[in-house]
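Read through the structure below, which is laid out as structure tokens, and then see the notes.
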Amino acid sequence: MDDRNRSLEGGCLCGAVRFTARGRFGEVSVCHCSQCRRWHGAPGPYTSVRRDRLSFANQRGLAWYRSSERARRGFCRECGASLFWEAPAQNHTAIALGAFDGPTGLAQAVHIFVADKGDSYQITNGLPQWPASHHGG
């Protein structure tokens, strides 16, 4: 069995957003684009699931910000936690790893948008580095 095929729960800092993600999780990509760095205050590590595999126990705090013509970002309007990234044209939702409860069993696999990387840190873990998205975006 693929070790990324599981169910994980998570949420924001205050609990106004609680979710369960089920199914096969995408590889963990650490995004170094300027939007992710501003959104998280650091590079953003994400995994993803099909949108129909993400359910909510509580979403009273969930709000979306249209960060570009091709993407939007989900956050908690009450505590400000950054949680999701979506491209409406795609059928999956990216979930910030820090939003999950407890250990996930997931590990970083690739760095993306390193051409836009900040100058205050180095990438030294030996994982593949892509100047933009390794999915052609």
Side-chain angles (χ1 to χ4, degrees):
M1 180 171 113
D2 185 333
D3 68 349
R4 294 184 293 176
N5 191 17
R6 67 185 87 200
S7 178
L8 295 173
E9 294 183 0
C12 66
L13 186 59
C14 71
V17 179
R18 292 291 307 160
F19 63 86
T20 300
R22 292 178 180 85
R24 187 174 187 276
F25 287 76
E27 70 182 3
V28 176
S29 298
V30 180
C31 186
H32 296 269
C33 79
S34 62
Q35 286 191 10
C36 279
R37 288 185 290 110
R38 285 189 172 111
W39 187 248
H40 296 286
Y46 291 94
T47 188
S48 62
V49 294
R50 282 187 7 208
R51 205 168 280 142
D52 64 350
R53 300 298 179 122
L54 181 63
S55 60
F56 292 90
N58 189 1
Q59 56 183 325
R60 78 171 187 272
L62 183 60
W64 292 93
Y65 170 69
R66 185 80 166 174
S67 58
S68 71
E69 287 189 24
R70 64 175 278 250
R72 68 184 191 154
R73 295 169 185 272
F75 65 98
C76 177
R77 76 176 102 231
E78 294 185 25
C79 68
S82 54
L83 303 167
F84 308 111
W85 182 95
E86 284 186 349
Q90 299 174 0
N91 70 351
H92 68 274
T93 298
I95 305 168
L97 283 190
F100 288 110
D101 299 339
T104 64
L106 301 171
Q108 293 179 2
V110 64
H111 295 273
I112 59 173
F113 292 98
V114 297
D116 203 20
K117 181 184 96 47
D119 65 354
S120 64
Y121 62 92
Q122 300 300 314
I123 301 170
T124 60
N125 62 4
L127 295 176
Q129 298 181 30
W130 292 85
S133 170
H134 63 298
H135 297 294

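No side-chain heavy atom of Arg24 sits less than 4.5 Å from a side-chain heavy atom of Arg53. Looking at heavy atoms from C-beta onward, Phe84 lies in side-chain contact with Leu54 at the 4.5 angstrom threshold. Put simply, the side chain of Leu8 reaches to within 4.5 Å of the side chain of Leu106, judged on heavy atoms.
Here the shortest heavy-atom pairing between Leu83 and Ala99 reads CD2-CB, 3.7 Å. Residues Val17 and Gly61 approach most closely at CG2-C, 3.7 Å, considering heavy atoms. Of all the heavy atoms in Ser48 and Ala94, the pair that sits closest is CB-CA, 3.9 Å. Across all their heavy atoms, Ala21 and Ile95 have their closest contact at CB-CD1, 3.8 Å. Here the closest non-hydrogen pair linking Ser133 and Phe113 is N-CZ, 3.5 Å.
Partners of Asp52 according to the salt bridge (charged side-chain N to carboxylate O under 4.0 Å, His left out) rule, which considers only residues two or more places apart in sequence or in another chain, are Arg50. Annotation: side-chain contact (heavy atoms from CB on, under 4.5 Å) contacts of Ala63 (sequence neighbours excluded): Phe75, Arg77. When the side-chain contact (heavy atoms from CB on, under 4.5 Å) test is applied to Ser68, the partners found at least two apart in sequence or on another chain are Gln35, Arg70, Ala71. By the ring pair (Phe, Tyr, Trp, His ring centres under 6.0 Å) test, Tyr65 is found to be paired with no residue, residues two or more places apart in sequence or in another chain being considered. Every side-chain hydrogen bond (donor to acceptor under 3.5 Å, both in side chains) that Gln108 has, sequence neighbours left out, goes to Asn125. The side-chain contact (heavy atoms from CB on, under 4.5 Å) search around Ala87 returns Trp85, Gln90, not counting sequence neighbours. In this structure Arg72 satisfies the side-chain contact (heavy atoms from CB on, under 4.5 Å) test together with Trp64, Arg66, Glu86, sequence neighbours excluded.
Legend: salt bridge (Lys or Arg N to Asp or Glu O under 4.0 Å) pairs involving residues 93-104, not counting sequence neighbours, sorted by first then second residue: Arg18-Asp101.
The other residues sharing a hydrophobic cluster with Tyr121 are Val114, Ile123, where clustering joins ILVMFWY side chains under 4.5 Å apart.
A single hydrophobic cluster is seen to contain both Val28 and Phe25, as judged by linkage of ILVMFWY side chains at heavy-atom distances under 4.5 Å, directly or through other members.
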Table please: side-chain donor-acceptor pairs of residues 36-45 below 3.5 Å, with sequence neighbours left out.
from, atom 1, to, atom 2, distance (Å)
Arg37, NE, His32, O, 3.0
Arg37, NH2, Asp116, O, 2.8
His40, ND1, Ser82, OG, 3.0
His40, NE2, Tyr46, OH, 2.6

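Without hydrogens or angle criteria, Thr47 side chain to Gly26 main chain gives a donor-acceptor distance under 3.5 Å.
Taking a 6.0 Å sphere around CG of Leu13, one finds it holds 12 or fewer heavy atoms contributed by other residues, nucleotides or ligands.
From Asn58, atom CG reaches atom SG of Cys12 across 7.5 Å, with rounding to the nearest 0.5 Å. Taking NZ from Lys117 and CD1 from Ile112, the interatomic distance works out to 15.0 Å, rounded to the nearest 0.5 Å.
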